[in-house]
Protein chains: 2
Amino acid sequence: MSELKSVNVAVSPLEKFREYLATKGQRLTPERKAIVEEVFSEHEHFDAEQLVQRLTQNRGNRRVSRSTVYRTLTAMEEAGMLRKVARQDDRDVYEHDYGYPRHDHLICRETGKLIEFQCPELESILAKVAAEHGFLMEGHRLEVYGRSAEACRPRVRKHSKLERI
Amino acid sequence: MSELKSVNVAVSPLEKFREYLATKGQRLTPERKAIVEEVFSEHEHFDAEQLVQRLTQNRGNRRVSRSTVYRTLTAMEEAGMLRKVARQDDRDVYEHDYGYPRHDHLICRETGKLIEFQCPELESILAKVAAEHGFLMEGHRLEVYGRSAEACRPRVRKHSKLERI
DNA sequence: TTAGCTGCAAAGCCTTTGCAATTTA
DNA sequence: TAAATTGCAAAGGCTTTGCAGCTAA
């Protein structure tokens with residue numbers, strides 16, 4: 001789906017999370033384990049609701065509560081494993097921030113699809129701008145809005161939000 | 001406050017809004033007029049709550065209801081006069097998108113301050129990236145996170161959120 | 001007269017949180 | 001045993017919406 005190369009990481013996401021929790025005297029419970037595994041089982045962007053759905057489907061009656069999902073997402077963000085990349089339909093959208101290279105997104109206004117891209121020049125330009133303002137850059141978030149190639153082809157039937165449900 | 005030059009526009013914000021409303025068979029009411037004037041009376045970023053406050057203070061008992069403020073902000077956004085630039089404290093933050101040049105922001109994580117900057121190179125780079133993906137770019141949103149110069153000076157006393165109220 | 005508008009209160013929604021029961025080191 | 005964790009339900013907080021009354025062309 002994506003053209004971006006993955007990055008070599010020392011330890012698995014699960015191990016990384018365990019280490020983070022350990023530094024705070026916290027535990028890697030079965031619920032947290034299930035969440036980390038589900039989140040890193042594929043590299044798609046997702047929001048809390050979608051994750052709850054996936055967990056419900058894949059774990060049957062051993063599901064994880066919504067509260068725990070929210071709490072764990074926050075923890076994973078603090079652990080540097082996830083980051084919020086956008087807001088869609090009033091929900092925070094997350095993506096992996098571990099074992100994956102830095103990138104930004106083209107967002108199709110029609111289909112809502114996120115297309116990832118990498119642009120090294122961007123970083124250097126931002127570094128320059130930040131320096132000019134005496135600003136210490138720690139990160140950025142860039143969303144480019146428009147229409148993807150497929151959304152521009154009129155013959156392809158568009159699906160409304162309702163139909164997609 | 002900002003170093004950016006303003007841009008010549010054909011008509012005033014009020015007139016522009018009136019025209020937009022006309023195309024939809026809608027009216028420029030006293031409430032909408034008050035909102036447009038208040039919004040364009042200064043070029044600071046703001047959220048709905050702050051705008052309600054300003055309207056309440058500056059218009060006394062002739063205030064505008066929160067509903068109307070929200071509804072009008074949405075209309076002004078559709079009219080191309082405002083745009084959402086960020087989310088702070090769970091609120092949508094707006095800025096002028098009319099009579100003002102395109103720019104992006106450095107956002108201080110410590111003080112929450114937004115610093116505007118203009119970077120023409122950015123546009124061309126994004127255009128190139130979009131073209132490579134067959135993407136029709138319509139706009140973008142870029143937020144650079146970090147610490148502003150003043151937040152990095154330890155001698156200046158930091159103000160907590162509570163103290164700022 | 002009729003379509004548009006406002007303000008109020010209520011509803012919606014995502015997200016957070018208090019708390020009692022449960023788990024685990 | 002003590003501290004951490006979970007799930008539920010309720011609360012929070014921003015934003016939207018139904019509706020009755022009002023306004024203006």
Side-chain angles (χ1 to χ4, degrees), chain A residues 17-36 38 45-53 55-56 59-79 82-94 112 161-162 165, chain B residues 17-36 38 45-53 55-56 59-79 82-94 112 161-162 165:
Chain A
F17 196 42
R18 190 201 305 278
E19 285 170 10
Y20 166 78
L21 291 170
T23 67
K24 311 200 66 171
Q26 298 175 168
R27 305 161 189 161
L28 182 57
T29 64
E31 288 83 0
R32 286 174 180 164
K33 190 159 177 256
I35 291 171
V36 172
E38 186 60 52
H45 304 82
F46 65 93
D47 58 41
E49 180 58 31
Q50 292 170 333
L51 182 53
V52 168
Q53 295 304 323
L55 283 165
T56 301
R59 300 210 344 140
N61 53 357
R62 309 193 43 177
R63 56 179 282 285
V64 180
S65 77
R66 206 168 294 267
S67 313
T68 298
V69 167
Y70 275 105
R71 283 189 279 236
T72 304
L73 286 178
T74 301
M76 289 173 75
E77 204 183 349
E78 288 166 0
L82 286 182
R83 60 174 177 148
K84 293 178 183 170
V85 281
R87 240 184 118 77
Q88 281 188 351
D89 301 324
D90 291 318
R91 293 178 189 160
D92 288 324
V93 177
Y94 288 89
K161 191 171 174 183
L162 260 182
I165 292 178
Chain B
F17 195 41
R18 189 201 306 279
E19 286 171 9
Y20 167 78
L21 291 170
T23 67
K24 310 200 66 170
Q26 297 176 168
R27 305 161 191 162
L28 184 56
T29 64
E31 288 83 0
R32 287 173 180 166
K33 191 159 176 253
I35 292 172
V36 173
E38 187 60 52
H45 304 83
F46 65 94
D47 59 42
E49 179 59 30
Q50 292 169 334
L51 182 54
V52 168
Q53 297 303 322
L55 284 164
T56 302
R59 303 210 345 140
N61 53 356
R62 309 192 45 179
R63 56 179 282 284
V64 181
S65 75
R66 205 167 294 266
S67 312
T68 297
V69 167
Y70 275 106
R71 283 188 279 236
T72 304
L73 286 177
T74 301
M76 290 172 75
E77 203 184 349
E78 288 166 358
L82 286 182
R83 59 174 177 147
K84 292 179 182 169
V85 281
R87 239 184 121 76
Q88 281 188 350
D89 301 324
D90 291 320
R91 293 178 189 162
D92 286 325
V93 177
Y94 288 89
K161 191 172 174 183
L162 262 180
I165 292 178

**Student:** Whole Å only: how far is the NZ atom of A:K24 from the C1' atom of D:dA3?
**Tutor:**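 To the nearest whole Å, that distance equals 15 Å.
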
**Student:** Under 4.0 Å, heavy atoms only, any strand: does B:D47 hit a base, just the sugar-phosphate, or nothing?
**Tutor:**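 If one applies the 4.0 Å heavy-atom cut-off, B:D47 turns out to touch nothing in the nucleic acid.
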
**Student:** According to salt bridge (charged side-chain N to carboxylate O under 4.0 Å, His left out), who are the partners of B:R27, at least two apart in sequence or on a separate chain?
**Tutor:**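 Expected list: none.
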
**Student:** Does B:R32 place a side-chain N or O at less than 4.0 Å from the phosphate oxygens OP1/OP2 of C:dT6?
**Tutor:**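 Affirmative; the distance criterion is met.
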
**Student:** Calculate the interatomic distance between B:E31 atom CD and C:dT6 atom C1'; express it in whole Å.
**Tutor:**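 Atom CD in B:E31 sits about 6 Å away from atom C1' in C:dT6.
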
**Student:** Measure the distance from CZ on A:R91 to P on C:dT16 and round it to the nearest whole Å.
**Tutor:**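 Computing the A:R91:CZ to C:dT16:P distance gives 14 Å.
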
**Student:** Give a yes or no on whether the backbone of B:E49 and the side-chain of B:D47 come within a donor-acceptor separation of less than 3.5 Å.
**Tutor:**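 Here the side-chain-to-backbone pair exists.
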
**Student:** Closer to the 5' end of DNA chain D via nearest nucleotide, is it A:G25 or A:R66?
**Tutor:**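 Upstream on the strand: A:G25.
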
**Student:** Using every non-hydrogen atom in the two residues, find where A:L28 and A:K33 come nearest and quote the distance to one decimal.
**Tutor:**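 Minimum heavy-atom separation between A:L28 and A:K33: CD1-N, 4.1 Å.
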
**Student:** In whole angstroms, how far is the P atom of C:dG12 from the CG atom of A:D90?
**Tutor:**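 In whole Å, C:dG12 P lies 15 Å from A:D90 CG.
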
**Student:** Please state how far atom NZ in A:K33 lies from atom C1' in D:dT5, giving the value in whole angstrom units.
**Tutor:**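 After rounding, the gap between these two atoms is 17 Å.
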
**Student:** Looking at every heavy atom in both B:L73 and B:L82, which two are closest together, and how far apart are they?
**Tutor:**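 Heavy atoms of B:L73 and B:L82 come nearest at CD2-CD1, 3.5 Å.
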
**Student:** Determine which pairs satisfy salt bridge (Lys or Arg N to Asp or Glu O under 4.0 Å) with at least one residue from residues 70-79 of chain A, sequence neighbours left out, and list them in order.
**Tutor:**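 Qualifying pairs, neighbours excluded: none.
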
**Student:** Walk me through whether B:E38 and B:V64 qualify under side chain to side chain contact (heavy atoms under 4.5 Å, CB included).
**Tutor:** CA-CA 11 Å; B:E38 187 60 52; B:V64 181; over 6 Å; no

**Student:** Is any side-chain nitrogen or oxygen of A:R63 closer than 4.0 Å to OP1 or OP2 of D:dC8?
**Tutor:**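 For A:R63, the contact criterion (side-chain N or O under 4.0 Å from OP1 or OP2 of D:dC8) is met.
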
**Student:** Pick out the pairs of N or O atoms, protein on one side and nucleotides 17-25 of chain C on the other, that lie under 3.5 Å.
**Tutor:**
from	atom 1	to	atom 2	distance (Å)
C:dT17	O4	A:S67	OG	3.2

**Student:** Over all heavy atoms of both residues, which pair between B:I35 and B:V69 is shortest? Give the atoms and the distance, please.
**Tutor:**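 Distance-wise, the nearest heavy atoms are CD1-CA, 3.9 Å.
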
**Student:** Report the distance from atom CD of A:E77 to atom C1' of C:dT15, rounded to the nearest whole Å.
**Tutor:**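 To the nearest whole Å, that distance equals 13 Å.
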
**Student:** Nearest whole Å is fine: how far is C:dC5 C1' from B:I35 CD1?
**Tutor:**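 About 12 Å, once rounded to whole Å.
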
**Student:** Hey, which sits more toward the 5' end of DNA chain C by its nearest nucleotide, B:T72 or A:E49?
**Tutor:**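 Result: B:T72.
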
**Student:** Nearest whole Å is fine: how far is C:dC13 P from A:Q88 CD?
**Tutor:**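 About 18 Å, once rounded to whole Å.
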
